[in-house]
Amino acid sequence: MEDYLSLFETYDVLAAFWINIQLSFWAALWALAIGTVLALFRISPIPSLQWFGAAYVNIFRNTPLTIILAFGFLGLFSVLQVSLASDLNDSLFRIAVVGLAVYHAAFVCEAIRSGVNTVPLGQAEAARAIGLSFLPAARLIILPQAFRGAIAPLGNVLIALIKNSTVAAAGSVAAEASGLMKTMIEFRSDLVIPIFFTFALGFVVLVIPIGLLTTWASKKLAVAR
Amino acid sequence: MTREQEPTTPASSGTPLVSLKNVNKHFGDLHVLRDINLQVGRGEVVVVIGPSGSGKSTLCRAINRLETIDDGEIAIDGKVLPAEGKALAKLRADVGMVFQSFNLFAHKSILQNVTLGPIKVRGMKGAEAKELAMSLLTRVGVDNQAQKLPAQLSGGQQQRVAIARALAMQPKVMLFDEPTSALDPEMINEVLDAMVSLAKEGMTMIVVTHEMGFARRAADRVIFMADGQIMEEATPEEFFTNPRSDRAKEFLGKILSH
């Protein structure tokens with residue numbers, strides 16, 4: 001037990017999780033923004049936008065996240081010298097955020113689209129009938145109801161995103177949780193099992209409230225029809 | 001029985017408010033609108049009746065382009081319906097629509113349902129829109145429900161709010177697509193009463209309905225449709241007492257026999 005507790009003196013586990021929380025927070029914001037625009041494209045009356053939305057979703061949803069992040073770090077950062085900040089660590093962090101965001105945006109788009117399907121067609125017809133064109137109708141009538149119908153699937157995307165933030169270790173955001181776990185296992189092979197459980201528990205604790213919150217919110221905010 | 005008040009402008013003078021010329025539409029193999037020609041004058045109340053599947057709802061929805069047409073021409077106040085886009089939205093703002101299933105915005109209060117169009121489409125100020133909305137809600141008798149959500153109202157109340165919402169745009173013409181078909185019997189009259197008073201005030205109306213009483217009471221003209229065609233056009237008395245086509249006789253025989 002003392003051995004186990006000494007781990008926390010040597011390694012800053014909480015700081016590592018804090019990196020994952022930050023990665024997840026920024027990636028979730030961007031994924032929500034990009035995913036909403038993609039969903040708008042997919043439900044828009046303009047065929048070229050519909051096509052773009054569908055192409056994006058199919059490409060990013062079907063590409064492994066590891067490949068997207070590895071491309072970000074090795075392709076964009078190392079080879080093409082795309083730098084998103086002057087500081088090396090900041091730049092790597094931001095590339096990880098971009099990679100996580102573009103990947104999860106595809107899932108956000110589909111979650112919102114499933115929310116759009118909960119909105120009866122008559123709502124759009126009524127919006128058009130009072131003279132709203134596509135964008136105002138989407139913004140004022142369709143999306144507010146779609147989001148409220150999409151809280152549970154969006155929560156699932158967020159949960160997946162938080163856990164997937166560990167993949168950023170593949171791109172040398174080494175300070176995050178799974179990166180630290182790898183280091184700890186390397187140096188403390190006597191405590192492999194407890195180390196695994198520590199990190200597993202950390203993510204469970206992080207994620208469970210989100211599941212509870214989205215279940216509560218999706219009931220609370222459901223649109224009465 | 002005829003309307004107590006003549007339309008402010010006789011239907012024959014000037015350009016018709018709504019005009020359909022040789023309108024055709026198919027749903028796959030089904031020819032739902034066959035060469036429809038129809039002119040509706042300012043202040044005129046036209047009731048469209050016919051068996052289900054006759055194309056009357058499609059006709060009504062085509063007038064503000066919720067259904068596209070395959071060929072022919074539909075014009076509102078002399079302007080041909082544009083394709084999708086801002087011009088169409090602008091034209092739709094002048095055409096009020098009341099749906100069978102009410103379609104009130106489910107996430108907005110009754111008051112917001114009525115003020116949304118004036119504020120967002122007409123650019124009206126909030127206070128002014130609220131005043132207009134409250135006066136319309138009072139007119140249809142649901143002003144005391146203004147802060148509730150649509151789901152908290154009865155069907156009849158919801159449909160009256162839908163009428164107020166359409167009127168808030170100060171439309172040139174009102175379309176009613178079977179406005180009482182989804183209502184419980186005891187709520188039909190409250191909606192029909194609101195429509196009759198609207199007709200008396202001189203609103204141009206195109207009403208698709210199964211309510212023959214309304215047609216007798218409020219219509220200037222009855223259009224009978226079957227199989228996507230206009231089979232007969234007549235005043236209500238003429239149509240109900242002396243239908244000319246066999247389809248109309250058969251239809252009236254079926255619905256008036258009980």
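Lettering follows sequence order; numbering is per chain, from 1.
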Assert top hit (heavy-atom pairs under 4.5 Å, partner chain A, pool B:Leu149, B:Leu66, B:Val98, B:Leu116) equals B:Leu66
Given heavy-atom pairs under 4.5 angstrom as the criterion, report whether the side chain, backbone, both or neither of B:Ala166 touches chain A. neither
Quick one: what part of B:Arg65 sits under 4.5 Å from any heavy atom of chain A, side chain, backbone, both or neither? backbone
Among B:Arg61, B:Gln152, B:Arg122, which residue forms the greatest number of heavy-atom pairs with chain A at distances under 4.5 Å? B:Arg61
Just checking, any donor-acceptor pair under 3.5 angstrom between side chains of B:Gln145 and B:Arg160? no
Selection from A:Leu221, A:Ile141, A:Val223 maximising heavy-atom pairs under 4.5 Å formed with chain B: A:Ile141
Could you check whether A:Glu176 and A:Ser178, counting side-chain N and O atoms only, form a donor-acceptor pair closer than 3.5 Å? yes
Side chain, backbone, both or neither: which part of B:Phe105 has a heavy atom under 4.5 Å from chain A? both
Counting only non-hydrogen atoms closer than 4.5 Å, does A:Ala127 touch chain B with its backbone (N, CA, C, O), its side chain (CB onward), both, or neither? both
Relative to the ring of A:Phe52, is the ring of A:Phe41 parallel (under 30°), tilted (30 to 60°) or perpendicular (over 60°)? perpendicular
Take B:Glu131 and B:Lys125 through the salt bridge (Lys or Arg N to Asp or Glu O under 4.0 Å) test and state the conclusion after the steps. CA-CA 10 Å; B:Glu131 200 176 319; B:Lys125 289 216 167 58; over 6 Å; no
Contact leader toward chain B among A:Arg148, A:Gln145, A:Arg225, where contacts are heavy-atom pairs under 4.5 Å: A:Gln145
So, B:Gln100 and B:Asp177: side-chain donor and acceptor under 3.5 Å apart, yes or no? no
Under the criterion side-chain contact (heavy atoms from CB on, under 4.5 Å), which of B:Asn103, B:Leu137, B:Val140, B:Thr115 is the partner of B:Arg165? B:Asn103
Under 4.5 Å from any heavy atom of chain A, what part of B:Leu88 do you find: side chain, backbone, both or neither? neither
Just by distance, with hydrogens left out, do B:Asn24 and B:Asp70 show a side-chain donor and acceptor under 3.5 Å apart? no
